J.: 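One structure coming up, written as structure tokens, with questions to follow.
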Amino acid sequence: MAPQPLNQDFFARPVAEVAPDLIGCTLVLDGVGGVVVEVERYQQDDPASHSFRGPTPRAAVMFGPPGILYVYRSHGIHWCMNLVCEAEGRGAAALIRALAPTMGLERMRERRGGVADRLLCAGPGRLAQALGVDGSMNGFPVAADLGGGQPGRLALLERAAPVPVAACPRIGISRAAELPWRFVLAGSPHLSRPVPKAA
DNA sequence: AATATGATAGTCT
DNA sequence: GACTATCATATTG
């Protein structure tokens, strides 16, 4: 059985379920991508979320339908890529933080300037650069095909087998920093940062 | 290995 | 006017 593409129903569930379920799935954009190994979850009643203050011009996309991309610029330099979750209007999303690259390695190396393979997608900004994601992709839908057999540009493929998922605090935030809302593929060498040792 | 710092721009108070 | 869901480089041990 080849892995099946995830459809909108997958993303329409609570982000608390979607985010850990994304670990081990394969994300592909224009034939370039890899296995998702690191995800963080954000939701409206979360002070660290862009949606916390409601649908501001930037965060409005987070309140759109499930299964679309929310792309924002971070620290003036980097682009970061989220997948909108839950019903339209909820303001929840999963931040894709790292991939284990498996497809289109050559394209990624070109875009990333020839860094070591394990750093190609190890972090949200790096991942966006490797995949060629930028602000023009904001609101772009996940679609395995566009009908008529036309393959979609962006797809997520379900994982073939269960994988070990670990939860730990999110990275680079100052509010609600203690919530264990970062999910990683345990032991992956492609994480943006290792899982902190349990206190 | 760990920590510090600068780059750089949009959003919100 | 302050803040940020980051990364690369430089410095130290």
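Here the structure is a predicted model, which is why all the values come from computation and not from measurement. Order of the sequence lines fixes the chain letters, A, B, ..., with proteins taken first and strands second; residue numbering starts at 1 for each chain.
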J.: For Arg13(A), what residues pass the salt bridge (charged side-chain N to carboxylate O under 4.0 Å, His left out) criterion, not counting sequence neighbours?
T.: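 For Arg13(A) the salt bridge (charged side-chain N to carboxylate O under 4.0 Å, His left out) partners, ignoring immediate neighbours, are Glu17(A), Asp21(A).
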
J.: Would you check if Phe183(A) and Glu40(A) make a side-chain contact, meaning some heavy-atom pair closer than 4.5 Å?
T.: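 No - every pair of side-chain heavy atoms lies 4.5 Å or more apart.
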
J.: Please tell me if the side chains of Leu99(A) and His190(A) come closer than 4.5 Å, counting only heavy atoms from C-beta onward.
T.: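 Contact flag for Leu99(A)/His190(A) side chains = no.
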
J.: With no hydrogens and no angle check, is any side-chain donor or acceptor of Arg111(A) less than 3.5 Å from a backbone partner on Ala130(A)?
T.: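 Between the backbone of Ala130(A) and the side chain of Arg111(A) there is a qualifying donor-acceptor contact (under 3.5 Å).
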
J.: Which part of the nucleic acid, if any, lies within contact of Met62(A), taking any heavy atom under 4.0 Å across all strands shown: a base, the sugar-phosphate backbone alone, or nothing?
T.: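 The answer is base, as Met62(A) lies within the cut-off (heavy atoms under 4.0 Å) of a base atom.
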
J.: First contact, last contact: which nucleotides of DNA chain C are these for chain A, 5' to 3', heavy-atom distance under 4.0 Å?
T.: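 From 5' to 3', the first and last contacting nucleotides are dT4(C) to dA8(C).
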
J.: Short of 4.0 Å, heavy atom to strand atom, which residues of residues 82-110 of chain A count as contacting DNA chain C?
T.: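 Contacts with DNA chain C under 4.0 Å: Asn82(A), Leu95(A), Arg97(A).
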
J.: Taking only N/O atoms, report every protein-nucleotides 7-11 of chain B pair under 3.5 Å with atom names and distance.
T.:
unit_1	atom_1	unit_2	atom_2	d
dT8(B)	O2	His75(A)	O	2.6

J.: Identify, with sequence neighbours excluded, every residue that meets salt bridge (charged side-chain N to carboxylate O under 4.0 Å, His left out) alongside Arg182(A).
T.: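 Applying salt bridge (charged side-chain N to carboxylate O under 4.0 Å, His left out) to Arg182(A) gives Glu38(A).
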
J.: Taking Watson-Crick and G-U wobble pairs with both distances under 3.5 Å, convert DNA chain C into its dot-bracket string, 5' to 3', dots for unpaired and | for cross-strand pairs.
T.: ||||.|||||||.

J.: Would you please indicate yes or no on a ring centroid separation below 6.0 angstrom for His50(A) and Tyr42(A)?
T.: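 No - the distance between ring centres of Tyr42(A) and His50(A) does not fall below the 6.0 Å cut-off.
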
J.: Under the rule for side-chain hydrogen bond (donor to acceptor under 3.5 Å, both in side chains), what residues qualify as partners of Arg73(A), not counting sequence neighbours?
T.: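 For Arg73(A), no residue satisfies side-chain hydrogen bond (donor to acceptor under 3.5 Å, both in side chains) once neighbours in sequence are set aside.
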
J.: Check side chain to side chain contact (heavy atoms under 4.5 Å, CB included) between Phe140(A) and all other residues, then give those that pass, not counting sequence neighbours.
T.: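 Per chain and number, Phe140(A) pairs via side chain to side chain contact (heavy atoms under 4.5 Å, CB included) with Leu69(A), Met137(A), Arg153(A), Leu154(A).
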
J.: Counting only non-hydrogen atoms, which of residues 124-138 of chain A are less than 4.0 Å from DNA chain C?
T.: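 Heavy-atom cutoff 4.0 Å gives Pro124(A), Gly125(A), Arg126(A).
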
J.: Heavy atoms, side chains only, cut-off 4.5 Å: are Cys168(A) and Pro180(A) in contact?
T.: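 Answer no - side chains too far apart.
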
J.: With a 4.5 Å cut-off on side-chain heavy atoms, are Phe11(A) and Leu22(A) touching?
T.: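 Answer yes - side chains close enough.
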
J.: Within a strict 4.5 Å, meaning less than it, do heavy atoms of the Ile68(A) and Val61(A) side chains meet?
T.: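 The answer is yes, as the side chains (C-beta and beyond) meet within the 4.5 Å cut-off.
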
J.: According to the side chain to side chain donor-acceptor pair (under 3.5 Å) rule, which pairs have a member within residues 164-175 of chain A, sequence neighbours left out?
T.: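 Applying side chain to side chain donor-acceptor pair (under 3.5 Å) to every pair that reaches into residues 164-175 of chain A, excluding sequence neighbours, yields Asp46(A)-Arg170(A).
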
J.: Once rounded to the nearest 0.5 Å, what's the spacing between atom CG of Asp30(A) and atom CG of Leu131(A)?
T.: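 CG of Leu131(A) is found 9.5 Å from CG of Asp30(A).
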
J.: Under 4.0 angstrom, heavy atoms only, what part of the nucleic acid is Arg182(A) near: base, sugar-phosphate, or nothing?
T.: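 It contacts nothing in the nucleic acid.
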
J.: Which pairs of donor and acceptor atoms, one on a side chain in residues 78-88 of chain A, lie under 3.5 Å apart (sequence neighbours left out)?
T.:
unit_1	atom_1	unit_2	atom_2	d
Asn82(A)	ND2	Tyr70(A)	O	3.2
Glu86(A)	OE1	Arg90(A)	NE	2.7
Glu86(A)	OE1	Arg90(A)	NH2	3.0
Glu86(A)	OE2	Val15(A)	N	2.8

J.: Name the atoms and distances for all side-chain donor-acceptor pairs under 3.5 Å in residues 101-108 of chain A, with sequence neighbours left out.
T.:
unit_1	atom_1	unit_2	atom_2	d
Glu106(A)	OE2	Arg109(A)	NH1	2.7

